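Working notes, beginning with the structure itself.
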Amino acid sequence: DPNKLMTMKFLCTLSECLYIIRPSDQPVAVMKMVQQSLMHGMSPLSPLAFVSYGSFLAAMGNISEGYRFARIAKALLETVGSRGVAGAVICYSTQIMAYAEPVQSAIEFHVEGGKAAMKSGSMGYAMMNQVCYDTGSYWSGKKLGAVKSQLDRSMSLAKHNKNVVILMQLMPLYGSVSRMIG
């Protein structure tokens with residue numbers, strides 16, 4: 001139904017805006033997306049609704065339920081998901097997975113998420129996956145030389161895309177890694 005799909009697109013955009021301007025209201029938009037999916041059938045945006053709901057559950061301390069919804073979202077991504085939301089769904093679900101699975105293996109999905117985001121033209125989620133991967137690599141104990149090389153690539157990509165926010169996120173980590181290497 002084109003009207004239901006348009007509703008989902010609107011709620012998805014509203015959810016992203018609310019995250020910035022009024023985060024306390026974002027769950028309302030996400031819950032409406034989940035409700036629309038359950039009442040009217042799954043759409044290409046349904047995986048984003050379920051992973052967002054899972055993120056809220058995990059953030060409130062219910063990791064196991066958040067993880068369950070992250071897995072549902074990833075499964076939906078394979079069946080009804082839009083290529084346009086794949087980078088976001090993989091990014092959010094991987095962050096939840098890192099609580100339930102070994103971090104070293106979970107963060108590798110951020111590489112997949114970055115590629116999916118690049119294919120769909122979503123540079124924001126490509127960079128978000130990159131930052132999460134770089135940070136996870138550091139905290140999971142990957143060799144510092146490899147982490148520094150990855151950070152060099154990430155910072156170069158952020159500079160190329162004039163993404164100052166990502167650069168600011170990566171600079172402290174880069175400084176710490178550089179000092180530890182010597």
Side-chain angles (χ1 to χ4, degrees), residues 3-117 120 122-140 163 165-166 168-169:
N3 289 333
K4 301 302 178 198
L5 186 56
M6 187 58 68
T7 300
M8 287 291 283
K9 287 180 181 179
F10 170 76
L11 289 168
C12 183
T13 302
L14 178 63
S15 174
E16 288 183 349
C17 292
L18 287 172
Y19 176 78
I20 295 167
I21 61 170
R22 198 179 309 168
S24 62
D25 288 345
Q26 186 192 21
V28 175
V30 169
M31 290 305 298
K32 287 288 187 188
M33 288 175 68
V34 170
Q35 182 182 40
Q36 284 283 97
S37 297
L38 295 174
M39 289 177 59
H40 303 288
M42 298 299 136
S43 79
L45 297 172
S46 295
L48 188 57
F50 284 93
V51 78
S52 296
Y53 180 65
S55 294
F56 293 140
L57 290 172
M60 291 187 299
N62 195 340
I63 303 294
S64 62
E65 279 300 296
Y67 179 60
R68 186 169 77 88
F69 277 91
R71 288 193 329 251
I72 290 169
K74 283 190 81 175
L76 284 172
L77 191 59
E78 300 298 320
T79 57
V80 300
S82 161
R83 199 173 70 162
V85 299
V89 171
I90 294 169
C91 185
Y92 296 140
S93 63
T94 301
Q95 288 300 99
I96 299 167
M97 288 168 56
Y99 280 93
E101 298 176 12
V103 175
Q104 296 87 340
S105 60
I107 63 170
E108 294 303 319
F109 287 105
H110 281 303
V111 175
E112 177 188 340
K115 289 177 183 175
S120 71
S122 177
M123 187 53 68
Y125 281 109
M127 291 303 306
M128 185 183 284
N129 272 290
Q130 197 66 50
V131 168
C132 290
Y133 179 78
D134 294 346
T135 305
S137 294
Y138 175 74
W139 288 111
S140 67
N163 195 323
V165 173
I166 296 295
M168 290 175 64
Q169 291 292 316

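Since we're looking at a predicted model, the values are computed, not measured.
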Taking atom types as modelled, find out whether Ser15 and Gln26 have a side-chain donor-acceptor pair closer than 3.5 angstrom.
->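 Distance-only check passes for Ser15 and Gln26.
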Would you find a donor on one side and an acceptor on the other, under 3.5 Å apart, between the side chain of Ser93 and the backbone of Ile90?
->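 Here the side-chain-to-backbone pair exists.
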Give a yes or no on whether the backbone of Tyr125 and the side-chain of Asn129 come within a donor-acceptor separation of less than 3.5 Å.
->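 Yes, the answer is positive, given that a donor and an acceptor are paired below the 3.5 Å cut-off.
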Side-chain heavy-atom pair [X], [Y] within 4.5 angstrom cut-off:
| X | Y | answer |
| --- | --- | --- |
| Cys12 | Met33 | yes |
| Gln35 | Leu38 | no |
| Cys91 | His110 | yes |
| Ser37 | Met8 | yes |
| Tyr67 | Glu101 | yes |
| Val103 | Trp139 | no |

Taking all non-hydrogen atoms of both residues into account, name the closest pair between [X] and [Y] and its distance.
| X | Y | value |
| --- | --- | --- |
| Leu48 | Val85 | CD2-CG1, 4.2 Å |
| Pro47 | Pro44 | CD-O, 3.5 Å |
| Ala86 | Ala116 | CB-CB, 3.8 Å |
| Val30 | Ala49 | CG1-O, 3.6 Å |
| Val89 | Leu77 | CG1-CD2, 3.9 Å |
| Ile107 | Ser137 | CD1-N, 3.4 Å |

Glu65 with Arg68: basic N within carboxylate O range, under 4.0 Å =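 Arg68 and Glu65: salt-bridged.
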Residues forming a ring-ring contact (aromatic ring centres under 6.0 Å, His included) with Phe50, sequence neighbours excluded |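 Once residues adjacent in sequence are excluded, Phe50 has no partner under the ring-ring contact (aromatic ring centres under 6.0 Å, His included) criterion.
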Non-neighbouring partners of Tyr138 that pass ring-ring contact (aromatic ring centres under 6.0 Å, His included), sequence neighbours left out =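 With neighbours one apart ignored, the set is empty.
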Quick one: do Cys132 and Thr94 satisfy side chain to side chain contact (heavy atoms under 4.5 Å, CB included)? Show the steps, please.
-> CA-CA 9 Å; Cys132 290; Thr94 301; over 6 Å; no
Is NZ or CZ of Lys74 both nearer than 6.0 Å to the six-membered ring centre of Tyr92 and within 45° of the ring axis?
->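 Here Lys74 fails the 6.0 Å and 45° test against Tyr92.
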